[in-house]
Amino acid sequence: MSVKPEDFFKNIISHCKEYGFIFQSSEIYDGLSAVYDYGQNGAELKKNIREYWWKAMVQMHENIVGIDAAIFMHPTTWKASGHVDAFNDPLIDNKDSKKRYRADVLIEEHVAKIEDKIEKEVEKAKKRFENFDEGMFRSTNARVLEYQNKITEINSRFKTALNDGNLAEVKQIIIDCEIVCPISGSRNWTDVRQFNLMFATQLGSVSEESNTIYLRPETAQGIFVNYLNVQKTGRMKIPFGIAQTGKAFRNEIVARQFIFRMREFEQMEMQFFVKPGTEMHWYEYWKTARLKWHNSFGLGNENYKFHDHIKLAHYANAACDIEFKFPFGFKELEGIHSRTDFDLKQHEQFSGKKLQYFDNEENKSYVPYVVETSVGLDRLFLATLSAAYKEEALENGETRVVLNLPPALAPIKAAVFPLVKKDGLPELAEEIINELKYDYIVTYDEKDTVGKRYRRQDAIGTPYCITVDHQSLTDKMVTIRHRDTMQQDRIAIAEVKEFLNERVSLTSLLKKN
RNA sequence: GCGGAAGUAGCUCAAUUGGUAGAGCUCCAGCCUUCCAAGCUGGAGGUUGCGGGUUCGAGACCCGUCUUCCGCUCCA
């Protein structure tokens, strides 16, 4: 069936709400923008994806261990990482052109223009006079001095305004300088606003500035500051990795596209510490390994592609994304970055502590290089769900909505139905559930026709439905109905658990790596 | 943040130019006993996003506000 892409994405969002995967945060209070809650099925799917990642990274690698660092960290952490300075730009919009500018850049460009005028005066004078004394000209010419004073005044006002955090004054400077928008040519400006990447809060009862702490904008720093603790107490030998999953917080200017870009989100990161000079080898290794992991979901290998970063962040010497074909196009799912020794060096400098590793083979100490793999759990959730969501046209003309989730990740692994709710069938179904519930999340349903019950389970991605009928009472067999093919098999009740073990445990997925 | 559109039951939508808020599906309790959503009976569910205003009377008109969607803008 052909559904328009934007409608398809809308249908997925509706489906998420209707079947208890994702609700908007605080919906009864009209919601909170770009914040979402995971419902009963969403929480299971998310937990299963997280568990698969953790096992693939930690359990399957002897040299990778996991930690769980606090969200609160010492404020100096973020000075060292560069997050405090890099993300507090004053922004201003032109109301006519709808263009947004950094206010500081506008003012700097204005100052540069005045400097150009001075240079032009100097050039003109040079041509006009013989025996031209440029130094004298610059310090005495009335026009040059006027320009120079203007520059000094603007710079001093601007510096004071920034130091005081006086955004109204920054706007006033732009007005006083008669700065116009390069596009519209108008001076119709909005107020200047400061956008901070990090959410700040106060530790302790008194809100003094020294007590300001931040909600972490990335989990990686929790790994870096603990790198030596883990290396020493775990007797880790390079190369080794530290993995972590957890919430991070970013005050995005515009957060859109459902759970793709949220202000509160969960990261799954692994920092791999390597000998300097070997980082490109490991960078390539993890690119391959991570793509293979994504492919193991079986959502279609053509839906993934690498996107190499041309412009690198200040800390990286190589970086790429694994992009996924979301309903709204190819977008970043996971980042793989060679972060060099930037972070550890920064923390050495700011903490005054040595963060070196003694390499017995080389017989020397060094700060390790780091290769990072960082995947957004919420994005992975959205990728999985949107690729699994199918609106199928059946032969009889009906449509069926089904989630073709990898069975190991499905919120509910099996549903057990009595064909009819009498004659002892419900009791037998309960017995089967009591047998399975120690290993898997299973559910029971006796309402409506069995066909309707199958469809309900299809909609949440339950891979198997087990139906008890009258014959089951005597032959101890049940019907197993497959989600993807809708085919039915008859198997012994005694074999049901083994049947599920082979199909819905994480083991089969892990073996694909 | 700017511009555009929208907000009525859990969902999809109605409600003549302003005159007592309805339907289908879902849900719940029964009946029926059925292997792929369609049978029967009954029931629950709404301060029409929120707050003001105009009016005898507002779901509808006006103002504000919140949220969502689309497009700009931004994005380690």
Side-chain angles (χ1 to χ4, degrees), chain A residues 6-7 9-11 13-15 17-20 23-35 78 81-83 86-87 89 91-102 183 188-193 195 197-198 216-221 248 250-258 260-261 267 269 309 312-316 319 321 328 331-332 335 337 339 372 374 376 394-402 417-423 425 446-459 465-471 478-483 485-488 490:
Chain A
E6 63 264 32
D7 288 340
F9 188 41
K10 272 183 187 165
N11 291 350
I13 295 170
S14 302
H15 191 84
K17 185 188 175 187
E18 188 174 357
Y19 289 95
F23 308 121
Q24 193 181 12
S25 165
S26 320
E27 196 184 10
I28 61 168
Y29 291 109
D30 277 337
L32 187 60
S33 188
V35 183
W78 306 112
S81 71
H83 285 86
F87 301 100
D89 308 326
L91 301 177
I92 190 166
D93 291 343
N94 183 271
K95 291 178 184 172
D96 298 314
S97 67
K98 315 295 180 202
K99 281 283 178 184
R100 168 167 294 167
Y101 301 92
R102 278 173 55 172
I183 307 283
N188 192 6
W189 297 106
T190 64
D191 287 341
V192 176
R193 292 174 311 276
F195 283 108
L197 173 82
M198 292 191 288
R216 64 183 178 199
E218 65 174 16
T219 56
Q221 300 303 326
R250 290 180 196 178
N251 195 14
E252 302 285 354
I253 296 168
V254 173
R256 280 279 173 79
Q257 280 160 330
F258 199 38
F260 183 80
R261 178 169 291 116
Q267 293 184 305
E269 295 196 315
H309 287 197
L312 297 172
H314 57 280
Y315 52 74
D321 298 332
F328 40 84
K331 296 279 181 183
E332 178 186 349
H337 296 192
R339 290 182 79 133
E372 167 189 271
S374 173
L394 300 181
E395 287 175 1
N396 61 7
E398 289 176 355
T399 60
R400 173 176 86 126
V401 173
V402 58
F417 308 145
L419 188 58
V420 296
K421 57 178 172 187
K422 64 174 190 183
D423 303 333
L425 301 189
E446 61 175 27
K447 174 82 178 161
D448 299 313
T449 64
V450 73
K452 214 165 181 176
R453 285 177 267 168
Y454 287 149
R455 298 299 178 84
R456 276 203 285 266
Q457 295 304 321
D458 289 340
C465 293
I466 299 162
T467 302
V468 174
D469 56 26
H470 289 91
Q471 207 182 324
V478 287
T479 301
I480 291 215
R481 181 265 193 184
H482 299 251
R483 175 195 67 196
T485 60
M486 299 194 285
Q487 284 181 347
Q488 304 184 6
R490 191 98 177 141

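Labels below follow one simple rule: chain letters A, B, ... track the order of the sequence lines, proteins then strands, and each chain is numbered from 1. Not measured: the values here are computed from a predicted model.
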Check: Which parts of nucleotides 35-44 of chain B does protein reach within less than 4.0 Å, heavy atoms only, written one letter per nucleotide 5' to 3' as B for base, S for sugar-phosphate only and - for none?
Finding: BBBB------
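Considering only residues two or more places apart in sequence or on other chains, Glu18(A) meets the side chain to side chain contact (heavy atoms under 4.5 Å, CB included) condition with none of them. Partners of His470(A) under the side chain to side chain contact (heavy atoms under 4.5 Å, CB included) rule, at least two apart in sequence or in another chain, are Val420(A), Asp423(A), Leu425(A). A search for salt bridge (Lys or Arg N to Asp or Glu O under 4.0 Å) contacts involving Lys331(A) returns nothing, not counting sequence neighbours. By the ring pair (Phe, Tyr, Trp, His ring centres under 6.0 Å) test, Phe328(A) pairs with Phe9(A), Phe260(A), Phe326(A), sequence neighbours left out. In this structure Glu269(A) satisfies the salt bridge (Lys or Arg N to Asp or Glu O under 4.0 Å) test with no other residue, sequence neighbours excluded. In this structure, Asp321(A) has no salt bridge (Lys or Arg N to Asp or Glu O under 4.0 Å) partners at least two apart in sequence or on a different chain. With sequence neighbours excluded, no residue forms a salt bridge (Lys or Arg N to Asp or Glu O under 4.0 Å) with Arg453(A).
Glu446(A) has its CD atom 11 Å from the P atom of C28(B), to the nearest Å. As a whole-Å value, the separation of Phe258(A) CZ from C70(B) P is 12 Å. One interatomic measurement links the two molecules: NZ of Lys421(A) to P of C28(B), which rounds to 10 Å at whole-angstrom precision. Remark: P of U68(B) and CZ of Phe23(A) are 17 Å apart, rounded to the nearest angstrom.
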Dump every N/O contact between nucleotides 6-11 of chain B and the protein below 3.5 Å, one line per pair.
residue: C11(B); atom: OP1; partner: Lys17(A); partner atom: NZ; Å: 2.9

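In this structure, G46(B) forms no base pair with any nucleotide, since neither Watson-Crick nor G-U wobble geometry is met with both distances under 3.5 Å.
Nearest to the side-chain atoms of Lys447(A) among the listed nucleotides U33(B), C75(B), C28(B) stands C28(B).
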